*Asks:* 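Please read through the structure below; I'll follow up with questions.
Given the structure is predicted, the values throughout are model-derived calculations rather than measurements. When a residue number appears, it is its place in the shown sequence, counting from 1.
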Amino acid sequence: MDLLKKLCQIHGPSGNEVAVKDFILEYVAHHSGSWKCQPIVIQGEGFQDCLILVFGTPRTAIFAHMDTIGFTVRYKNELVPIGGPDVKDGMVLVGNDSQGPVRGYLKETEEKLFIEFEREIDRGTELVFETNFRETEDAVQSAYLDNRLGVWNALRVAETLENGIIAFSCWEEHGGGSVAYLGKYIYERFKVRQALISDITWITEGVTAGHGVVISMRDRSIPRRSYINKIIDLARESGIPYQLEVEGSGGSDGKELQASPFPFDWCFVGAGEDNVHSPDEIVMKKDIESMAQLYKVLMERL
């Protein structure tokens, strides 16, 4: 879990994912020598802060978003949410501006959010939840398991991946915008048209912690049923614990693939977490393990 802890501590709210990308680039440079296949690294001009790893002759792409929820400082220390953070008075927020480190407490009024701090913070400064990474025998708990755990999963799959693509995307928590051009590049350059969304879902009345990775049959978007059925069949044959999710709201990078002019099939496959979008997100280790195991099977057999 050391890698996951490091990922959770990186500042990377929607729109400022560059530190996460740089961490992944450094990680790939230092560790890919021991991987089964050496990836081609695609990034830079035309890809903004996104990053693509290409292994062998790919058939399927994994999409994992690098960004997190957070807050933007407005005027006089008022806060504007980035994405949909779960806010409560007294939450510790951290960041940096031109005058140095910022660490203060969130204050919620009837209509607005503020940070209590000793001075006025530079407008436009991004603040995130302070990370307190906790690990027990059965679970991990921290701010930003969504979606640093999805990034962690993709990097673990990379260790043994022979044929496939891993795309690290931006802005997912605040409306998306990068997957459209990533999908276009992947489809036109490599003719890949099926995807897995490495992200984290919610514990609900139908998704139970500790009972396996979640295969989402639908959320606000509805993926193609024949592709979902194929994934469920492979999961059943593998013997890896899994659960099926059916929701009418929420979304992921999959919605951008479905809205694109390219014939992408996609499926959200990820562990369930509780205390969503808070500093205390928690995921069971059994679900993390089954997520990584199922991804390896799917990338080999899809």
Side-chain angles (χ1 to χ4, degrees), residues 1-8 24 27 35 53 55 60-66 68 133 135-142 144-161 164-169 172 194-204 206-219 223 227-228 230-247 250-254 266-277 281-302:
M1 297 286 97
D2 288 344
L3 173 60
L4 180 58
K5 181 178 181 179
K6 291 176 182 177
L7 285 166
C8 288
I24 294 171
Y27 183 87
W35 293 355
L53 305 179
F55 299 78
T60 305
I62 296 172
F63 286 83
H65 74 86
M66 298 182 289
T68 69
F133 190 92
E135 179 182 358
T136 67
E137 184 177 348
D138 299 320
V140 290
Q141 188 166 20
S142 175
Y144 302 131
L145 294 177
D146 177 8
N147 184 40
R148 300 300 162 75
L149 184 51
V151 172
W152 175 92
N153 174 67
L155 291 174
R156 292 303 305 273
V157 173
E159 296 172 1
T160 57
L161 187 59
I165 290 174
I166 299 175
F168 296 100
S169 64
E172 192 273 349
Q194 55 186 15
L196 301 171
I197 310 302
S198 181
D199 203 344
I200 304 304
T201 189
W202 299 4
I203 298 299
T204 64
V207 173
T208 307
H211 285 74
V213 64
V214 177
I215 300 171
S216 183
M217 300 183 73
R218 64 155 291 172
D219 47 32
Y227 183 65
I228 300 299
K230 183 187 298 185
I231 288 173
I232 295 172
D233 288 343
L234 290 172
R236 185 183 301 115
E237 292 169 10
S238 73
I240 297 167
Y242 71 93
Q243 306 175 69
L244 297 179
E245 175 186 78
V246 177
E247 296 293 340
S252 69
D253 280 340
W266 62 276
C267 181
F268 183 114
V269 181
E273 73 170 20
D274 215 347
N275 304 331
V276 176
H277 284 186
E281 295 176 347
I282 185 169
V283 181
M284 301 301 289
K285 286 184 176 179
K286 287 183 178 179
D287 298 335
I288 295 173
E289 180 181 359
S290 64
M291 181 179 179
Q293 289 176 342
L294 185 56
Y295 264 83
K296 290 181 181 181
V297 170
L298 296 175
M299 292 301 288
E300 288 175 1
R301 300 188 59 187
L302 277 174

*Asks:* For the pair Trp202 and His277, name the ring-plane relationship: parallel under 30°, tilted 30 to 60°, perpendicular over 60°.
*Replies:* perpendicular
*Asks:* State, to 0.1 Å, how close Asp219 and Gly251 come at their nearest heavy-atom pair, and which atoms those are.
*Replies:* OD2-CA, 3.8 Å
*Asks:* Compare all side-chain heavy atoms of Ile232 with those of Ile228 and state whether any distance is below 4.5 angstrom.
*Replies:*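 SC-SC contact between Ile232 and Ile228 confirmed.
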*Asks:* To the nearest 0.5 Å, tell me how far Leu53 CG sits from Ile24 CD1.
*Replies:*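 Atom-to-atom, Leu53:CG and Ile24:CD1 are 8.0 Å apart.
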*Asks:* When rounded to the nearest 0.5 angstrom, what distance separates SG in Cys8 from CH2 in Trp152?
*Replies:* 11.5 Å
*Asks:* Carefully, step by step, assess Phe133 and Val140 under the rule side chain to side chain contact (heavy atoms under 4.5 Å, CB included).
*Replies:* CA-CA 7 Å; Phe133 190 92; Val140 290; 4.1 Å; yes
*Asks:* Under 4.0 Å between a side-chain nitrogen and a carboxylate oxygen: does that hold for Arg301 and Glu237?
*Replies:* yes
*Asks:* At what distance, to the nearest 0.5 angstrom, does OG1 of Thr160 lie from CE of Met299?
*Replies:*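 If I round to the nearest 0.5 Å, the distance is 10.0 Å.
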*Asks:* What's the shortest heavy-atom distance between Val283 and Ala271, and which atoms?
*Replies:*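 Here Val283 and Ala271 meet closest at CG1-CB, 3.8 Å.
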*Asks:* For the pair Leu161 and Ile166, evaluate side chain to side chain contact (heavy atoms under 4.5 Å, CB included) and give the outcome as yes or no after the intermediate values.
*Replies:* CA-CA 10 Å; Leu161 187 59; Ile166 299 175; 4.3 Å; yes
*Asks:* I need the minimum non-hydrogen distance between Ala154 and Ala64, along with the two atoms involved.
*Replies:* CB-CB, 4.4 Å
*Asks:* Can Glu137 and Lys285 be said to form a salt bridge (Lys or Arg N to Asp or Glu O under 4.0 Å), step by step?
*Replies:* CA-CA 8 Å; Glu137 184 177 348; Lys285 286 184 176 179; over 6 Å; no
*Asks:* Any chance you could measure Arg218, atom CZ, to Leu244, atom CG, to the nearest 0.5 Å?
*Replies:*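 Between Arg218 CZ and Leu244 CG, I get 14.5 Å after rounding to 0.5 Å.
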*Asks:* Rounded to the nearest 0.5 Å, what's the gap from CG on Asn147 to CD on Glu273? Could you check?
*Replies:* 9.0 Å
*Asks:* Side chains of Thr60 and Ile165, heavy atoms from C-beta outward: is any pair under 4.5 Å?
*Replies:* no
*Asks:* Under the side-chain contact (heavy atoms from CB on, under 4.5 Å) rule, collect the residues that match up with Glu247, sequence neighbours excluded.
*Replies:*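 Thr204, Glu245.
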*Asks:* Is it true that a side-chain atom of Tyr295 and a backbone atom of Gly270 form a donor plus acceptor pair closer than 3.5 Å?
*Replies:* no
*Asks:* For residues Val157 and Ile62, determine if any side-chain heavy atom of one lies less than 4.5 Å from a side-chain heavy atom of the other.
*Replies:*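 Counting from C-beta outward, Val157 and Ile62 do come under 4.5 Å.
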*Asks:* Under a 3.5 Å distance rule, please check whether Asp287 uses its side chain to pair with a backbone N or O of Gly210 as donor and acceptor.
*Replies:*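 Indeed, once roles are kept as given, a pair shorter than 3.5 Å links the two residues.
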*Asks:* Are Pro223 and Cys267 close enough that some pair of their side-chain heavy atoms sits under 4.5 Å apart?
*Replies:*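 Side chain of Pro223 against side chain of Cys267, heavy atoms only: no contact under 4.5 Å found.
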*Asks:* Locate the shortest heavy-atom distance separating Asn275 from Ile282; write the atom from each residue and the value.
*Replies:* ND2-CG2, 3.9 Å
*Asks:* Pair Arg148, Leu145 - check side chain to side chain contact (heavy atoms under 4.5 Å, CB included), show working.
*Replies:* CA-CA 5 Å; Arg148 300 300 162 75; Leu145 294 177; over 6 Å; no
*Asks:* As a quick check of understanding, evaluate salt bridge (Lys or Arg N to Asp or Glu O under 4.0 Å) for Asp233 and Lys230, giving each step before the final call.
*Replies:* CA-CA 5 Å; Asp233 288 343; Lys230 183 187 298 185; over 6 Å; no
*Asks:* Gln243 and side chain to side chain contact (heavy atoms under 4.5 Å, CB included): which single residue from Thr208, Thr201, Val213 fits?
*Replies:*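 Of the listed residues Thr208, Thr201, Val213, the side chain to side chain contact (heavy atoms under 4.5 Å, CB included) partner of Gln243 is Thr208.
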*Asks:* Hey, could you give me the CZ/CD1 distance between Arg156 and Ile288, rounded to the nearest 0.5 Å?
*Replies:* 10.5 Å
*Asks:* Mind running side chain to side chain contact (heavy atoms under 4.5 Å, CB included) on Leu155 and Phe168 for me, showing each step along the way?
*Replies:* CA-CA 10 Å; Leu155 291 174; Phe168 296 100; 4.0 Å; yes
*Asks:* Taking Ser290 for the side chain and Gly212 for the main chain, is one N or O donor matched with an acceptor at less than 3.5 Å?
*Replies:*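 Not a single qualifying donor-acceptor pair exists.
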*Asks:* Would you say that more than 12 heavy atoms from the other residues, nucleotides or ligands in this model lie under 6.0 Å from the NZ of Lys296, or not?
*Replies:* yes
*Asks:* Heavy atoms, side chains only, cut-off 4.5 Å: are Leu302 and Tyr227 in contact?
*Replies:* yes
*Asks:* Would you say the side-chain atoms of Ser252 and Asp199 include a donor-acceptor pair closer than 3.5 Å?
*Replies:* no
*Asks:* Got Val151 and His65 here, is their nearest side-chain heavy-atom distance under 4.5 Å?
*Replies:* no
*Asks:* Looking only at non-hydrogen atoms, find the nearest pair between Ser198 and Asn153 and report the distance.
*Replies:* OG-ND2, 3.1 Å
*Asks:* Hey, does Thr68 have a side-chain heavy atom less than 4.5 Å from the side chain of Asp146?
*Replies:* no
*Asks:* With a 4.5 Å limit on heavy-atom distance, are the side chains of Ser238 and Gln293 in contact?
*Replies:* no
